[in-house]
Amino acid sequence: MRAGKLLKVNPRTLAQQLVDTDVLEDVSSNVAIAGPGFINVSLDNDFLSSSLGSEPLVAPTNKPLRIVVDYSSPNVAKQMHVGHLRSTVIGDSISRMLTLAGHTVVRQNHIGDWGTAFGKIVAYIDDLKSDQEINSGLEDLEQLYIAASQRFDRDSSFASKAREAVLKLQSHDPRTMDIWQKFIDVSLRHLEDIYGKLDILLTPADIKGESSFNDDLPAVIERLETNGLLVESDGAQCVFINGFVRKDGSRLPMIVQKSDGGYLYHTTDLATLLYRTRELEADQVLYFTDARQILHFQMLFAVAKKAKFAEEATELEHHAFGSILNANGEPLKTRSGENPRLSDLIEQAEIHARNVVEEKSQHLDVEQRSEIAHHVAIGAIKYADLSKNRTSDYKFDLNTMMSLEGNTSPYLQYAHARISAIFARGGINGEEIELDRIRVKHPAEHDLAVRLLRFQEVLEQSITERKAHHMCNYLYDLTVHFTRFYEKCPVLNTESKERDSRLGLCARTAENLRVGLGCLGISVPKRM
RNA sequence: GCGCCCGUAGCUCAACUGGAUAGAGCAUCGGCCUUCUAAGCCGGCGGUUAAAGGUUCGAGUCCUUUCGGGCGUGCCA
């Protein structure tokens with residue numbers, strides 16, 4: 001109908017003309033025109049069978065790009081908390097999908113490891129007497145930061161020491177840098193621990209934090225100066241860009257250097273962008289941060305293009321999302337009003353999952369149950385986030401995501417476990433099943449086969465829109481149809497040709513689930 | 001004040017970017033385990049898509065206004 005509009009032809013007439021040609025002959029013998037010009041195509045079972053036997057799950061892109069994906073990027077003054085979850089989970093999933101499609105992904109973890117907060121921390125650690133105390137003091141980042149902040153507030157001599165420490169950091173004073181490095185090392189171990197538990201791909205090699213760009217900041221100012229973009233206003237160095245105005249006509253500034261000479265995150269982000277386009281040679285740079293930074297990125301991209309921090313052809317995208325709320329729609333906080341730690345959230349989810357597994361999977365031993373609980377918990381947390389399209393806030397409710405019914409990760413994982421169980425019972429190696437023996441016959445097989453062939457299309461849509469929820473919805477739909485097939489079509493207890501065909505459908509479903517959930521960073525247990 | 005995002009079943013969310021009778025899950029009510037895992041399957045109930053107007057063959061989707069919520073709006077990130 002869109003074609004009809006474009007060609008200014010009656011859509012029904014156009015549909016008829018299309019049907020009259022034989023382009024659909026190999027695909028369907030049952031084509032009908034309906035309504036204002038829809039073409040209903042019922043795919044033939046023969047077409048489905050041969051496609052499943054010959055088409056790969058994923059065909060790599062014919063236009064591979066170098067794509068920088070900026071995600072997670074926590075401030076490491078404190079432990080990772082709930083505010084870091086979405087960026088981490090969403091960014092990781094998108095980068096997995098891009099890789100699967102054949103792009104070169106350069107993950108970048110732009111951690112907050114520089115600035116005033118670290119002055120406090122360094123000064124505080126500096127006050128701890130021995131190295132022994134330093135090491136023990138570093139064990140809990142959270143407490144260290146809180147202690148440093150409290151002391152900063154009530155001890156004025158400590159406060160001035162902290163401010164000195166900031167200056168010493170900026171001038172790379174060896175003793176100060178040494179303490180700072182110790183703290184960063186502990187922070188990075190903490191990050192690795194969390195990423196390990198959550199099965200996030202980020203490694204130490206992907207970390208390129210704010211501190212790495214500290215020395216490049218004066219050059220950023222210079223570059224803006226030579227481009228004639230730098231304007232002093234109330235003592236601060238600013239860039240004013242067309243289009244960013246207030247109601248009264250006054251222009252919104254992007255402040256790149258404070259009146260006291262200090263730099264801001266705009267400045268750091270410009271330096272970072274230069275690195276990503278020049279050194280990393282990015283065709284695209286994708287940022288995954290919460291929605292509060294929308295204006296920042298709009299200005300950043302505008303200035304970057306104008307002052308050539310990024311080439312005109314480099315695609316810069318900010319993908320925003322809302323914050324995480326509790327079941328009552330309020331910001332998720334602990335009883336004491338803090339952001340819940342990620343490690344606590346994960347632990348809660350695992351306890352919740354373990355209780356369910358204890359009840360449902362008594363046929364498995366303790367070790368297996370514990371491992372399954374882990375995969376279920378992590379899957380549930382990630383899936384609850386990824387399956388929603390919302391750019392606004394979303395509710396984090398363990399009871400909902402762990403209900404293990406309906407559109408949740410455990411439902412999908414369970415379907416995969418059932419397929420594995422069929423293979424195990426039949427003494428069959430699932431990886432050796434030949435898909436060219438698939439002969440689609442039963443209506444339930446037909447419906448399943450149609451879904452099995454859609455994987456590529458869904459992957460492309462998810463990548464184009466940078467939205468994982470299309471993949472989630474697809475996998476759920478696939479699983480619903482697999483389960484119907486499972487109910488209606490015995491696999492092992494049927495005659496041999498049909499058995500081979502149905503084993504093929506099972507094997508292909510298992511692959512779609514494994515690879516699809518893999519795109520989401522969710523693993524598939526063989527047993528549940 | 002101004003800007004951005006959002007408002008779909010009691011609740012949590014979809015709807016292929018303007019297409020058919022707006023779909024799922026949860027909750028609720030009823031049915032299905034002597035056959036591969038019942039963490040399952042089948043069915044019922046549930047809607048003036050916040051409201052009003054407009055654009056056209058056609059609007060949850062686009063435009064205007066109103067109401068309601070979230071976030072941002074010069075030296076934090």
Side-chain angles (χ1 to χ4, degrees), chain A residues 1-2 5 10-11 34-38 40 73 75 112 115-117 210 233-238 244-248 250-260 262-266 268-269 289-296 298 320-323 325 327 329 331 356-357 359-361 363 372 376 384 387-395 397 399-408 410-415 417-426 454 457-458 461 465 469-470 472-474 476-477 479-480 483-484 486-494 499 502-503 506 527-528:
Chain A
M1 279 179 295
R2 193 171 307 161
K5 199 167 210 167
N10 182 319
F38 296 100
N40 290 332
S73 306
N75 186 317
T116 47
E210 289 173 357
S233 171
D234 291 342
Q237 299 298 326
C238 304
F244 295 93
V245 288
R246 300 191 192 85
K247 173 69 186 304
D248 60 10
S250 66
R251 295 195 292 172
L252 222 50
M254 181 168 116
I255 300 177
V256 290
Q257 191 169 21
K258 298 193 281 185
S259 46
D260 69 1
Y263 303 102
L264 291 119
Y265 69 133
H266 297 115
T268 313
D269 278 358
T289 82
D290 67 82
R292 286 175 298 192
Q293 299 191 36
I294 286 176
L295 183 60
H296 162 63
Q298 285 176 345
F321 42 80
S323 39
L325 309 177
V356 180
V357 174
E359 182 195 337
K360 302 281 185 185
S361 300
H363 55 291
I372 289 160
V376 165
S387 61
K388 289 172 187 61
N389 179 28
R390 293 319 166 108
T391 51
S392 48
D393 302 339
Y394 106 96
K395 290 183 183 173
D397 183 2
N399 287 321
T400 304
M401 68 178 76
M402 291 281 187
S403 76
L404 312 192
E405 285 167 5
N407 190 4
T408 62
Y411 175 79
L412 308 185
Q413 291 171 316
Y414 179 62
R418 288 170 109 180
I419 297 173
S420 299
I422 292 176
F423 295 158
R425 185 168 288 259
R454 285 198 57 217
E457 172 195 347
V458 174
Q461 192 191 359
E465 297 183 22
H469 82 286
H470 288 117
C472 295
N473 289 346
Y474 162 75
Y476 178 65
D477 183 53
T479 303
V480 165
T483 318
R484 286 178 189 165
Y486 180 91
E487 297 278 333
K488 286 174 184 153
C489 303
V491 176
L492 296 175
N493 305 321
T494 186
R499 185 174 185 267
R502 289 179 175 173
L503 280 170
C506 287
R527 308 175 67 179
M528 275 178 81

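The sequence lines fix the lettering, A, B, ..., with proteins before strands; numbering per chain opens at 1.
Note that Arg418(A) lies in the cation-pi zone of Tyr486(A), set by a 6.0 Å cut-off to the ring centre and a 45° limit from the axis.
Comparing G74(B), A15(B), C36(B) by their nearest atom to the side chain of Cys238(A) picks out G74(B). You'll find that the side chain of Tyr411(A) is closest to C41(B), out of U12(B), C41(B), C75(B). The side chain of Leu264(A) sits closest to A77(B) out of U37(B), A77(B), U73(B). Out of C75(B), C16(B), G40(B), the shortest distance to the side chain of Gln461(A) is found at C16(B). Distance from the side chain of Arg292(A) is smallest to C71(B) among C36(B), C71(B), A39(B). Nearest nucleotide to the side chain of Met528(A), out of C75(B), A20(B), U37(B): U37(B). Comparing atom distances between the Tyr476(A) side chain and each of A39(B), U37(B), A24(B) picks out A24(B) as nearest.
On a pure distance criterion of 3.5 Å, no polar donor-acceptor pair joins the side chain of Asp269(A) and the base of A77(B). For a distance-only test at 3.5 Å, the side chain of Arg251(A) fails to qualify as a donor-acceptor partner of the base of U73(B). One cannot find a donor-acceptor pair under 3.5 Å joining the base of G25(B) and the side-chain atoms of Thr408(A). At a cut-off of 3.5 angstrom, counting only N and O atoms as typed in the model, there is a donor on one side and an acceptor on the other between the side-chain of Tyr265(A) and the base of A77(B).
For the P atoms, the distance linking C42(B) with G54(B) amounts to 43 Å, nearest Å.
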